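What follows is a single structure, written as structure tokens, with notes after it.
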Number of protein chains: 2
Amino acid sequence: MNTTDATSPLLRRRNGKLITDARALVASYPAVPITVDCVIFGFEENELKVLLIRSDLQYFEGKWSLLGDIVKETEELEEAAYRILLQRTGMNDVFLEQVKAFGSPSRHPGGRVITIAYCSLLNIKHHELKIYDNELHWHNVKNLNDMAFDHKEVVDESYNWLQKRIQEHPLAFNLLPEKFSLRELQNLYEVILGVELDRRNFRKKFFSMDFLIDLDQYEENVPHRPGKLYKFNFEKYEKNKKKWFAIDF
Amino acid sequence: MNTTDATSPLLRRRNGKLITDARALVASYPAVPITVDCVIFGFEENELKVLLIRSDLQYFEGKWSLLGDIVKETEELEEAAYRILLQRTGMNDVFLEQVKAFGSPSRHPGGRVITIAYCSLLNIKHHELKIYDNELHWHNVKNLNDMAFDHKEVVDESYNWLQKRIQEHPLAFNLLPEKFSLRELQNLYEVILGVELDRRNFRKKFFSMDFLIDLDQYEENVPHRPGKLYKFNFEKYEKNKKKWFAIDF
DNA sequence: CCAAAAGTGTTGCCCCTACACCCATGT
DNA sequence: ACATGGGTGTAGGGGCAACACTTTTGG
């Protein structure tokens with residue numbers, strides 16, 4: 001089978017000739033608007049929440065949308081994501097990582113727009129929202145439907161991504177206050193993973209990892225015996241990161 | 001998106017106006033050419049290899065480049081990746097998965113081009129290359145340098161991605177012939193992960209997973225006792241996929 | 001004193017690791 | 001016969017799961 005396709009500039013051999021005018025080549029390419037969408041997760045009242053606004057588009061009237069924006073011409077993708085976070089939450093020191101690119105030709109009613117989804121984790125309490133335009137607020141991840149664009153799919157993939165990542169890396173601490181009780185930590189894992197965990201085993205697990213700093217402080221204003229407060233030792237973790245290996249499927 | 005008005009009252013709808021002309025909105029956005037780059041891995045002579053061509057650009061004269069192409073206007077991203085694979089290898093039934101988007105404004109000398117990297121795994125022997133334009137051939141992953149664009153970074157990230165994935169999912173079988181010996185399987189894991197594994201434990205591990213079908217056939221033309229041949233039971237694996245859970249970092 | 005959640009140990013099991021010898025084939 | 005890799009079993013240890021009672025605080 002001859003699969004040569006003379007119309008593909010990058011695949012076609014130029015009879016031994018190299019392309020000298022790279023700028024003209026790129027200018028000849030079809031171009032598409034690129035956005036970044038932020039899936040901003042928070043944890044509050046024992047629920048995993050995601051930050052959404054009402055869509056601006058009449059086409060999606062009443063539907064919820066992720067926070068996103070066009071990537072500026074001279075901007076790194078990640079830079080664009082940080083910009084969106086800063087504009088909406090006033091924060092620039094939050095966890096952020098790329099999840100996936102979504103590029104279905106029909107995902108935007110105004111024509112093709114490709115978006116790169118970023119996942120961000122932050123502590124709702126410590127980051128009061130600055131701007132409430134378009135009914136910006138937190139939604140329980142479990143109760144999402146009727147979202148604009150393909151944003152339901154984006155959230156679902158980001159949630160799957162998160163479930164996997166928090167088992168391999170200490171991301172979960174980004175969702176908690178600096179000082180937290182073991183109960184809060186366990187609730188977080190239980191809610192995100194959708195499982196129930198044994199309290200004693202959970203404690204043993206985390207204490208044996210030895211990345212929790214005992215603050216010798218206790219919860220206050222709780223209607224029961226107060227729990228001890230801890231913080232996560234990021235420095236120690238960074239030094240001792242294990243290179244894990246285990247074939248398991 | 002106007003996000004500068006920090007004094008907005010709670011839950012205010014932005015001027016109450018919805019955008020009616022989505023097409024005009026999208027047309028007003030800056031646009032960027034989008035490519036897909038395929039990191040095609042193969043396994044041969046006990047080496048993990050990646051399929052590369054010489055760059056067409058004079059700017060990168062002599063440097064090696066991934067196989068990539070512009071995403072066509074009505075094409076899914078994944079569809080573009082499959083098209084590239086088909087053009088170059090004649091194959092359309094290969095493993096393919098998105099790895100990451102790369103969008104640094106300066107990654108292409110001709111102006112901004114954003115690329116989505118896809119990772120593909122195939123068996124070199126069973127897929128003879130059809131087109132050798134631009135010196136298309138297989139390179140040992142260990143000996144890459146001086147690649148065009150940011151392709152070294154793309155390959156590195158894809159390789160990290162692969163190392164992680166083959167420990168969680170049976171991807172490795174895509175790199176082997178349908179019938180393989182346990183030694184070949186072990187070599188593959190050892191090379192990709194860069195570790196040495198105990199032969200007995202490796203066998204126990206895979207036999208206990210019970211996803212290998214014993215073909216009652218043996219290697220031929222080997223200068224030693226021939227090993228048994230197996231194939232992977234994809235159907236059984238799909239049915240029994242485990243939902244793994246283990247906090248571990 | 002009651003409610004509610006904190007805190008704490010032990011046991012069994014399974015899986016992983018480490019390790020050495022004989023077997024089948026080609027030359 | 002020899003060289004080469006194929007094939008096999010066992011013992012010990014570590015980590016995970018299962019499991020119940022006492023303690024501390026607030027109301």
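Please read these numbers as outputs of a predicted model, since none were measured by experiment.
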In numerical order, the residues of residues 213-230 of chain A whose heavy atoms come under 4.0 Å of DNA chain D are V222(A), P223(A), H224(A), R225(A), P226(A)

### Query
Between the main-chain N or O of E135(A) and the side-chain N or O of H137(A), is there a donor-acceptor pair closer than 3.5 Å?
yes

When the aromatic ring centroids of Y230(B) and F207(B) are compared, is their separation below 6.0 Å?
yes

Original post:
So, does H151(B) use its side chain to make a donor-acceptor pair with the main chain of S65(B) at under 3.5 Å?
Top reply: no

**Asked** Between E168(B) and K164(A), is there a salt bridge with N-O shorter than 4.0 Å?
**Response** yes

Those residues at least two apart in sequence (or on a different chain) that pass salt bridge (Lys or Arg N to Asp or Glu O under 4.0 Å) with K49(B) are E44(B), E45(B), E47(B)

Under a 4.0 Å heavy-atom criterion, the protein footprint on nucleotides 10-19 of chain D, written with B, S and -, is B-----SBBB

Residue set satisfying side-chain hydrogen bond (donor to acceptor under 3.5 Å, both in side chains) with K228(A), at least two apart, ordered chain then number -> D214(A)

message = Please classify the nucleic acid contact of R203(B) as base, sugar-phosphate, or nothing, using heavy-atom distances under 4.0 Å.
response = base

Residue set satisfying salt bridge (Lys or Arg N to Asp or Glu O under 4.0 Å) with E157(B), at least two apart, ordered chain then number -> K100(B)

ask   = Under 3.5 Å, is there a donor-acceptor pair linking the side chains of Q167(B) and Q163(B)?
value = no

Quiz item: Should the pair K242(B)-D248(A) be classified as a salt bridge under the 4.0 Å nitrogen-to-oxygen rule?
Solution: yes

Outermost contacting nts on DNA chain C, any atom under 4.0 Å from chain A heavy atoms, listed 5' then 3', are dA4(C) to dT10(C)

Query raised in the report: What is the nucleic acid contact for R199(B), judged by heavy atoms within less than 4.0 Å: base, sugar-phosphate only, or nothing?
Result: base

task: Taking the side chain as every heavy atom from C-beta outward, state whether V50(B) and L144(B) have any atom pair closer than 4.5 Å.
output: yes

